[in-house]
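A short worksheet on the structure shown next.
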Amino acid sequence: MTKVTRDDVARMAGTSTAVVSYVVNNGPRPVAPDTRERVVAAIAVLGYRPDRVARAMASRRTDLLGLIVPDARQPFFGEIAHALEQAAAERGTMVLVGNSDYRDEREVHYLRAFLDMQVSGLVLVSQGPSEQASAELADTDARVVLLHESPESFREFAVVTDDVGGARLATRHLLEHGHAYVACLGGIEPTPTIGDPVTDHVEGWRQAMREAGRSTEGRLFACPYNRYQAYRVGLELLSGPARPTAVFCSTDDQAIGLLRAARELRIDVPGELAVAGFDDLKEAALTDPPLTTVASDRPAMARAAVELVLGSAPRTGGAGSDRLRQFPSRLVVRRSCGCG
């Protein structure tokens, strides 16, 4: 079947191809209402579909955003991707998603691929762009927004939640239940990274413990972020002689793994073990018992990221409140902590 072109639409509407382009692209020049109606009618009759690739090549810009996440299989990143896709759709923009698998070379691969596609902007959910990734970003005019964390070295836009404050809330709440101390499941990075959410969660836990006059020595445990490996860490932690009575987990996935370990070991939650997480995944309300956790407004954060990445402010020019948007955290109290 022969492809319908702008020339075909122009002939049927009795106008020029330029006018057809103005109608399809809603500009840059105005079109008289009766002419617009003829063009729209011709498009409907002929079934014309604009060539987005050709238009992108001509303008050197597409209606596409590139999103790179560590692992979309993890519920937290899946929820971020979904929220960003919805926010982008409200602006008439589509989202391409790539998974870095926590590997710098994969992140660079997707950066190059998306930039070659002339995306309108990039949103990174990253542990901090590597030197190679930063070099790629420095050589592009595309707007870049970091979502979820903001390392010190990153000089572009960032949208984050109050990770330190949220972790303090959760830890203080557990201490208020009368526990001698609260253990913490942190990350597995040997060197903490400033601006990394899990690093900030651990810092919030430390602050709450210090404020309560409790030691953190020997009470921070390295734990992978996914629930399956966290389950194994939980089995070892809860089987030991110095089993804690309260644990703050840096992510809900870790908390879900810990709850599974407690159930297998027949440890009553919250009677013998209080647990709190961070992220407020949808599953957190369905665990047994339902998980107390820290929530952030991911839809609002996604909208902010899209606004920044499609905005008109200069790409670079130093850090500041106009380049960093922080959203508050709130404690969501359920039964795993001992309430209700």
Side-chain angles (χ1 to χ4, degrees), residues 25-28 52-70 72 77 79-100 104 106-161 194-197 296-327:
N25 297 316
N26 198 28
R52 295 172 64 96
V53 174
R55 188 170 64 189
M57 291 177 66
S59 65
R60 298 188 61 80
R61 180 168 177 164
T62 64
D63 293 327
L64 298 172
L65 294 182
L67 169 65
I68 303 176
V69 297
F77 297 122
E79 289 185 19
I80 282 182
H82 186 262
L84 193 86
E85 183 182 25
Q86 287 187 314
E90 294 171 2
R91 299 284 296 269
T93 304
M94 296 177 64
V95 178
L96 302 173
V97 181
N99 289 269
S100 70
D104 290 343
R106 293 293 296 169
E107 186 172 76
V108 170
H109 164 77
Y110 279 112
L111 282 175
R112 290 173 174 168
F114 290 161
L115 291 173
D116 287 345
M117 293 177 184
Q118 303 292 343
V119 293
S120 296
L122 290 164
V123 178
L124 307 183
V125 182
S126 170
Q127 292 178 294
S130 64
E131 288 186 13
Q132 191 175 3
S134 297
E136 294 286 338
L137 295 175
D139 197 34
T140 178
D141 292 330
R143 181 73 67 86
V144 182
V145 173
L146 202 61
L147 180 60
H148 182 47
E149 60 186 286
S150 178
E152 276 190 324
S153 60
F154 195 73
R155 305 283 291 178
E156 306 266 353
F157 295 94
V159 177
V160 299
T161 191
I194 295 175
D196 169 67
S296 59
D297 193 343
R298 281 192 286 277
M301 291 174 67
R303 286 192 296 272
V306 170
E307 288 171 3
L308 286 171
V309 83
L310 296 179
S312 58
R315 275 189 62 230
T316 57
S321 59
D322 58 330
R323 311 195 71 75
L324 176 67
R325 297 192 184 178
Q326 185 181 75
F327 286 75

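Because the structure is a prediction, the values reported are computed rather than measured. No hydrogens, no waters, no symmetry mates; every other heavy atom, side chains included, goes into these values.
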Quick one: side chain to side chain contact (heavy atoms under 4.5 Å, CB included) partners of [X], sequence neighbours excluded?
X      : result
Val108 : Arg112, Ser130, Gln132, Ala133, Glu136
Ala72  : Val69, Asn99
Ala302 : Ala83, Leu84, Ala87

Quick check: closest heavy atoms across [X] and [Y], and the distance to 0.1 Å?
X      : Y      : result
Val160 : Met301 : C-CE, 3.6 Å
Leu147 : Ala305 : CD1-CB, 4.3 Å
Val95  : Ala88  : CG2-CB, 3.6 Å
Leu310 : Ser120 : CD2-CB, 4.1 Å
Gly92  : Asp63  : O-CB, 4.0 Å

Kindly write out the residues that satisfy ring pair (Phe, Tyr, Trp, His ring centres under 6.0 Å) with Tyr110, not counting sequence neighbours, or none if the list is empty.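 If we apply the ring pair (Phe, Tyr, Trp, His ring centres under 6.0 Å) test to Tyr110, skipping adjacent residues, the hits are Phe114.
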Measure the shortest side-chain to side-chain distance between [X] and [Y] over non-hydrogen atoms and say whether it is less than 4.5 angstrom.
X      : Y      : answer
Val159 : Leu146 : no
Val306 : Thr93  : no
His148 : Pro197 : yes
Leu65  : Leu122 : no

Going by the rule side chain to side chain donor-acceptor pair (under 3.5 Å), which residues pair with Gln326 if we only count those two or more places apart in sequence or in a different chain?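 Residues passing side chain to side chain donor-acceptor pair (under 3.5 Å) with Gln326: none at all.
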Who are the side chain to side chain donor-acceptor pair (under 3.5 Å) partners of Arg303, not counting sequence neighbours?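 Here no residue qualifies.
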Results of salt bridge (Lys or Arg N to Asp or Glu O under 4.0 Å) for Glu85 - residues two or more places apart only: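 Once residues adjacent in sequence are excluded, Glu85 has no partner under the salt bridge (Lys or Arg N to Asp or Glu O under 4.0 Å) criterion.
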Atom pair CZ/CD1 of Arg298 and Ile80 - distance to nearest 0.5 Å: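 Interatomic distance, Arg298 CZ to Ile80 CD1, rounded to 0.5 Å: 6.5 Å.
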About how many Å separate OG of Ser100 and CD of Glu107, when rounded to the nearest 0.5 Å?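 Reported to 0.5 Å precision, the distance equals 5.5 Å.
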For Thr161, is there any backbone N or O sitting under 3.5 Å from a side-chain donor or acceptor partner on Ser296?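 No: the side chain of Ser296 does not pair with the backbone of Thr161.
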Given Val144, which partner from the list Leu124, Val309, Leu308 fulfils the side-chain contact (heavy atoms from CB on, under 4.5 Å) test?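 Considering Leu124, Val309, Leu308, a side-chain contact (heavy atoms from CB on, under 4.5 Å) with Val144 is found only for Leu124.
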